[in-house]
Amino acid sequence: MSLKLFFCYMITILFLLFGWAILGPKFIAHDLIKENETALYNEAREIAGGFVSDYNTFASDSELTGKISEIAKYTDARILLVKKDGTVIYDTSGVTGFNLFNFNTDILSEMISKDVVLPGFINDAFMSVSYPVSYRMEARGYVVVLSYIKDIRKRADTINRSYLIYIAALFILITIVYCFLYRIVLVPLKRTLTAARQLSNRNYSYD
C-alpha cells in the first residue's frame with residue numbers, strides 16, 4: 001500500500017510541475033494576447049484620431065510622428081502608417097517603402113490579425129490591429145499597431161516564473177499531506193491489518 005501511496009504522490013507532483021512549466025505559460029500567453037488586442041486597438045484609434053491634415057503629407061509632420069514614436073516606446077509596440085494602396089510611409093522601426101498588398105496577408109482588411117509574418121519586412125510572427133484613417137469622409141489609409149508573439153511569450157514566461165514560490169509552497173504542502181497520510185493513517189492501518197492476520201492464524205503471541 002505504501003508503494004501505491006508513493007505512486008499517487010509522484011503523479012500529483014508531476015501533474016503540478018507539468019501544469020506550471022507547460023500549461024501555465026500557454027494560458028498566460030493566451031490571456032496576454034486578449035489583453036493586447038484591446039491595448040493595440042486603443043493605441044491605433046488614438047493615433048488615427050490625431051490626423052488633422054491631409055493623410056498624404058502627414059509623414060513630414062515631425063510632431064505627429066514624434067508622438068507616435070513615444071507611444072511605440074511606451075507600449076513596446078511597432079507602429080506602421082500605411083496608405084490605402086498598401087504603401088508603408090512610416091514605421092517606428094525605420095523601415096519604409098514596402099507595400100503590404102505584395103504580401104499574402106489581410107492585416108489591412110482585418111481589424112485583428114494573429115501569427116502573421118511578412119517575409120523580408122517583418123520576419124518574426126506578430127499580432128496586429130489595423131485602424132482606418134479617414135479625412136473629409138474618405139478613407140486615406142491605416143494605422144497598424146503590432147506586437148511580436150515572441151515578446152508576448154517572453155512576458156508569459158516571466159509571469160509564470162513569478163509563481164515559482166507558490167509552486168514551491170504547494171509542493172511542500174503536498175509532501176506534508178502525503179507524509180501525514182503515510183505516518184498517521186497508512187502505518188497504523190498496516191499494523192492493524194498485520195495484527196488481524198496474525199490473530200486469524202492463531203498467533204496470539206504477536207505483539
Side-chain angles (χ1 to χ4, degrees), residues 22-161:
I22 305 299
L23 299 181
K26 291 184 178 180
F27 283 118
I28 294 173
H30 180 268
D31 290 340
L32 288 178
I33 288 174
K34 287 295 184 182
E35 292 177 8
N36 234 32
E37 289 178 5
T38 302
L40 295 182
Y41 175 81
N42 290 336
E43 291 164 23
R45 183 176 61 179
E46 179 182 351
I47 294 169
F51 290 104
V52 293
S53 59
D54 192 313
Y55 186 78
N56 292 323
T57 61
F58 83 94
S60 61
D61 188 338
S62 59
E63 181 180 355
L64 181 58
T65 54
K67 290 180 180 179
I68 293 174
S69 296
E70 288 299 317
I71 293 174
K73 291 178 182 178
Y74 179 75
T75 58
D76 195 26
R78 182 172 176 176
I79 302 173
L80 312 177
L81 301 178
V82 187
K83 287 185 177 182
K84 63 181 179 180
D85 65 0
T87 303
V88 177
I89 55 177
Y90 181 75
D91 181 354
T92 51
S93 293
V95 182
T96 57
F98 285 88
N99 191 302
L100 296 185
F101 289 141
N102 292 335
F103 299 94
N104 184 23
T105 176
D106 296 322
I107 64 172
L108 295 181
S109 58
E110 297 287 339
M111 186 179 74
I112 298 175
S113 302
K114 299 177 183 177
D115 290 321
V116 181
V117 175
L118 306 179
F121 180 33
I122 304 177
N123 296 313
D124 294 319
F126 64 88
M127 65 169 296
S128 67
V129 169
S130 175
Y131 196 94
V133 175
S134 298
Y135 177 70
R136 293 179 179 175
M137 306 299 292
E138 180 182 351
R140 299 290 181 137
Y142 305 88
V143 175
V144 180
V145 184
L146 63 92
S147 288
Y148 294 109
I149 299 297
K150 65 178 182 180
D151 292 338
I152 296 174
R153 289 174 178 163
K154 188 181 297 183
R155 286 175 56 201
D157 288 336
T158 300
I159 294 173
N160 194 54
R161 283 195 296 270

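Throughout, residue positions are numbered sequentially from 1 according to the sequence presented. When reading the values below, keep in mind they use all heavy atoms of this one structure, side chains included, and skip hydrogens, waters and symmetry mates.
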Can you name the side chain to side chain contact (heavy atoms under 4.5 Å, CB included) partners of [X], sequence neighbours left out?
X	answer
I159	I28, L32, S162, Y163
S130	L108, Y142, V144
T75	E43, I71, A77
N102	N99

Partners meeting side-chain hydrogen bond (donor to acceptor under 3.5 Å, both in side chains) with [X] (sequence neighbours left out):
X	value
K150	D124
K114	E37
N104	none
R155	none

Check whether the side chains of S93 and R78 place a donor and an acceptor atom closer than 3.5 Å, and report yes or no. yes
Measure from the side-chain N and O atoms of N160 to the backbone N and O of A156, and report whether any donor-acceptor pair falls under 3.5 Å. no
Decide yes or no for [X] and [Y]: does some side-chain heavy atom of the first lie under 4.5 Å from some side-chain heavy atom of the second?
X	Y	value
V88	L81	no
I79	I47	yes
M127	V116	no
Y74	E70	no
L80	V143	no
D115	I149	yes

May I have all residue pairs that pass salt bridge (charged side-chain N to carboxylate O under 4.0 Å, His left out) and include part of residues 93-113, sequence neighbours excluded? none
Pairwise distance CD1(I112) to NZ(K34) - rounded to 0.5 angstrom: 7.5 Å
For the CG atom of N36 and the CG atom of D31, what is their distance to the nearest 0.5 Å? 12.0 Å
Heavy-atom pair with the smallest gap, counting every atom of [X] and [Y]:
X	Y	value
D157	P25	OD1-CB, 3.5 Å
S69	T92	CA-CG2, 4.3 Å
L40	S147	CD2-OG, 3.7 Å

Could you give me the CA-CA distance, side-chain angles and deciding distance for L146 and I122, then say whether side chain to side chain contact (heavy atoms under 4.5 Å, CB included) is met? CA-CA 11 Å; L146 63 92; I122 304 177; 3.7 Å; yes
Residues pairing under ring pair (Phe, Tyr, Trp, His ring centres under 6.0 Å) where one sits in residues 98-123, two or more places apart or in two chains, turn out to be F98-F121
Applying side chain to side chain contact (heavy atoms under 4.5 Å, CB included) to F126 and L118, what does each step give before you reach the verdict? CA-CA 9 Å; F126 64 88; L118 306 179; 4.1 Å; yes
Derivation of the side chain to side chain contact (heavy atoms under 4.5 Å, CB included) call for L100 and V82: CA-CA 8 Å; L100 296 185; V82 187; 3.9 Å; yes
